[in-house]
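I have placed the structure first, in the form of structure tokens, so that the comments after it can refer back to it.
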2 protein chains.
Amino acid sequence: MSNNQFKKGELYSFITGKASTAIGRRLQKHFKQASIEITIEQWSVLYHLWKEDGLSQQQLCDATFRDKPSITRLVDNLEKLKLVKRNASKEDRRINMIVLTDEGRELEEKCMALANTTLNEALHGVTHGQIEIAKEVLQMVYDNLK
Amino acid sequence: MSNNQFKKGELYSFITGKASTAIGRRLQKHFKQASIEITIEQWSVLYHLWKEDGLSQQQLCDATFRDKPSITRLVDNLEKLKLVKRNASKEDRRINMIVLTDEGRELEEKCMALANTTLNEALHGVTHGQIEIAKEVLQMVYDNLK
DNA sequence: GACATATAGTTGTTTATGCAACTAAACAAA
DNA sequence: TTTGTTTAGTTGCATAAACAACTATATGTC
């Protein structure tokens with residue numbers, strides 16, 4: 001029962017996610033133009049800390065769909081950039097609470113504005129209804145595979 | 001004029017492409033289960049060679065949305081695996097024609113079947129109409145940013 | 001309390017990405 | 001033919017991903 005509606009080239013771009021790759025690159029470009037020297041991967045971690053500061057590395061794994069070594073190294077690099085700090089938890093000494101520095105907090109406004117700009121560029125000419133359906137489909141895809 | 005229809009968390013997953021990440025990981029898993037020892041990135045190059053053998057590295061860059069160094073190294077690794085070969089072009093000595101080996105050609109059927117299986121898993125419960133709109137939106141996003 | 005197991009995080013290895021700087025061949029203009 | 005420019009591909013570097021193997025702490029069970 002292999003009767004999905006994808007022709008060959010479409011199958012390719014759906015699997016490889018060329019649209020989201022393009023969005024990521026555009027966002028990265030905007031960061032660079034604004035002299036914000038972080039990667040989109042680092043942004044994706046900061047994003048969750050801006051929503052809720054003081055997450056553990058494990059919580060960041062779950063939030064960003066990465067494994068533990070990936071988060072270890074992203075946090076390493078964010079620490080080098082002095083944007084976050086590892087605070088050992090007092091209740092459970094296994095846990096590092098990742099907290100934003102002042103410098104990390106200061107990036108939020110600019111970065112989120114650039115993310116919104118990027119999305120508006122990406123969705124130029126796409127109707128509200130189309131966006132709603134696309135979001136729904138991508139969520140279903142994610143749920144089907146998780 | 002920042003009035004797109006994305007709430008915070010949705011913005012995140014649209015930009016980071018968690019759906020396509022999940023599809024890629026699932027396909028990789030299927031390859032592994034079938035003892036096909038290639039990465040999805042390598043698959044993405046083979047995919048275009050299966051459609052048309054003997055592409056130049058530059059053509060592979062355009063087809064896979066990668067820069068030249070990325071293709072140089074993917075071809076390096078595919079050559080190590082003996083799935084492709086670099087043939088210097090006789091008309092233009094700058095160009096490497098990348099051609100499939102017998103072994104590389106043999107992978108096509110299995111890999112494409114696994115790609116289709118993966119997509120069917122991903123799209124379980126999604127209607128034809130929804131898929132069409134999602135494809136359209138992703139194509140528009142890509143066109144807007146390229 | 002002691003032992004097994006689960007959880008949180010780190011380190012090592014291979015593969016891949018993007019950017020900058022580079023070499024070599026082709027082409028175009030004088 | 002010489003000089004400058006474009007095109008194709010490679011190399012070096014920093015960042016990141018996935019997997020396996022590891023350490024340290026916490027927890028559950030006898």
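Reminder, nothing fancy here: chain letters follow the sequence lines and each chain counts from 1.
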What nucleotide among D:dA17, C:dG9, D:dG9 has an atom nearest to a side-chain atom of A:L74?
D:dA17
Contacts of A:R73 and A:D92 projected onto DNA chain C by closest heavy atom; the upstream (5') one is A:D92
For the backbone of A:H124 and the side chain of B:N144, can you confirm whether one donor and one acceptor N or O come within less than 3.5 Å of each other?
yes
Checking contacts here: which listed nucleotide (D:dT10, C:dC19, C:dG9) is nearest the side-chain heavy atoms of B:Q57?
D:dT10
Would you say A:S44 and A:R66 are linked by a side-chain donor-acceptor pair, where the criterion is simply a distance under 3.5 Å?
yes
To the nearest angstrom, the NZ-C1' distance between A:K90 and D:dT25 comes to 18 Å
Please indicate whether A:Q33 has more than 12 foreign heavy atoms, meaning atoms of other residues, nucleotides or ligands, lying under 6.0 Å from its CD.
yes
Taking the side chain of B:I95 as its heavy atoms from C-beta onward, which of C:dG9, D:dA8, C:dA20 lies nearest to it?
D:dA8
I'd like to know whether B:E79 forms a salt bridge (charged side-chain N to carboxylate O under 4.0 Å, His left out) with B:K85, so could you lay out the CA-CA distance, the side-chain angles of the two residues, the decisive distance to 0.1 Å, and finally the verdict.
CA-CA 6 Å; B:E79 252 189 337; B:K85 231 175 90 55; 6.0 Å; no
Starting at CD of A:E79 and ending at C1' of C:dT10, how long is that distance when rounded to a whole Å?
13 Å
Provide, to the nearest angstrom, the distance between the CG atom belonging to A:L83 and the P atom belonging to D:dT15.
13 Å
Is any NZ, NE, NH1 or NH2 atom of the basic residue among B:R26 and B:E121 found under 4.0 Å from an Asp or Glu carboxylate oxygen of the other?
yes
I need the CG-P distance between A:D76 and D:dA17, as an integer number of Å.
12 Å
A:D67 side chain: which of C:dA20, D:dC19, D:dT25 is closest?
D:dC19
Could you state the atom-to-atom distance from CD of B:Q58 to C1' of D:dT10 in whole Å?
13 Å
Polar side chain donor-acceptor pair, B:S70 to B:D67, under 3.5 angstrom:
yes
Using a strict threshold of under 4.0 Å (side-chain N to carboxylate O), is an ion pair present between A:R105 and A:D102?
yes
Over 60° means perpendicular and under 30° means parallel, so tell me whether A:W43 and A:F31 are parallel, tilted or perpendicular.
tilted
What one-letter contact string describes nucleotides 1-6 of chain C from 5' to 3', where B marks a base within less than 4.0 Å of any protein heavy atom, S marks contact via sugar-phosphate atoms alone, and - marks no contact?
-----B
To the nearest angstrom, how far is B:N87 atom CG from D:dA8 atom P?
18 Å
Determine the interplanar angle of the A:Y12 and B:H48 rings, folded into 0 to 90°, and report it as parallel if under 30°, tilted if 30 to 60°, perpendicular if over 60°.
perpendicular
Heavy-atom side-chain proximity of B:T64 to A:K18 below 4.5 angstrom
no
Side chains of A:I38 and A:N77: does their closest heavy-atom pair fall under 4.5 Å?
no
Looking at D:dT10, I'd like to know if its phosphate oxygens (OP1 or OP2) sit under 4.0 Å from a side-chain N or O belonging to B:N96.
yes
Using a 4.5 Å cut-off on heavy atoms from C-beta on, say whether the side chain of A:Y142 contacts that of B:S13.
no
Starting from P on D:dT15, measure out to CG on A:L78 and report it in whole angstrom.
11 Å
At 10 degrees resolution, what angle do the end axes of the helix from C:dG1-D:dC30 to C:dA30-D:dT1 form when each is taken over five base pairs?
10°
Would A:L11 and B:N116 satisfy side-chain contact (heavy atoms from CB on, under 4.5 Å), going step by step from the backbone distance to the final call?
CA-CA 8 Å; A:L11 177 147; B:N116 270 302; 3.3 Å; yes
Verify the contact: side-chain N or O of B:R66 to OP1 or OP2 of C:dC19, cut-off strictly under 4.0 Å; return yes or no.
no
If the cut-off is 4.0 Å, is A:N77 near the phosphate of D:dA14, judged by side-chain N/O to OP1 or OP2?
no
Position toward the 5' end of DNA chain D (nearest nucleotide), A:R93 or B:Q59
B:Q59
Listed in order of residue number, which residues of residues 24-44 of chain B have a non-hydrogen atom at under 4.0 Å from DNA chain C?
B:T39, B:E41, B:Q42
Starting at the 5' end of DNA chain D and moving along, which residue's nearest nucleotide shows up first, A:E91 or A:S70?
A:S70
Given atom NZ of B:K68 and atom C1' of D:dT7, what is their separation to the nearest angstrom?
6 Å
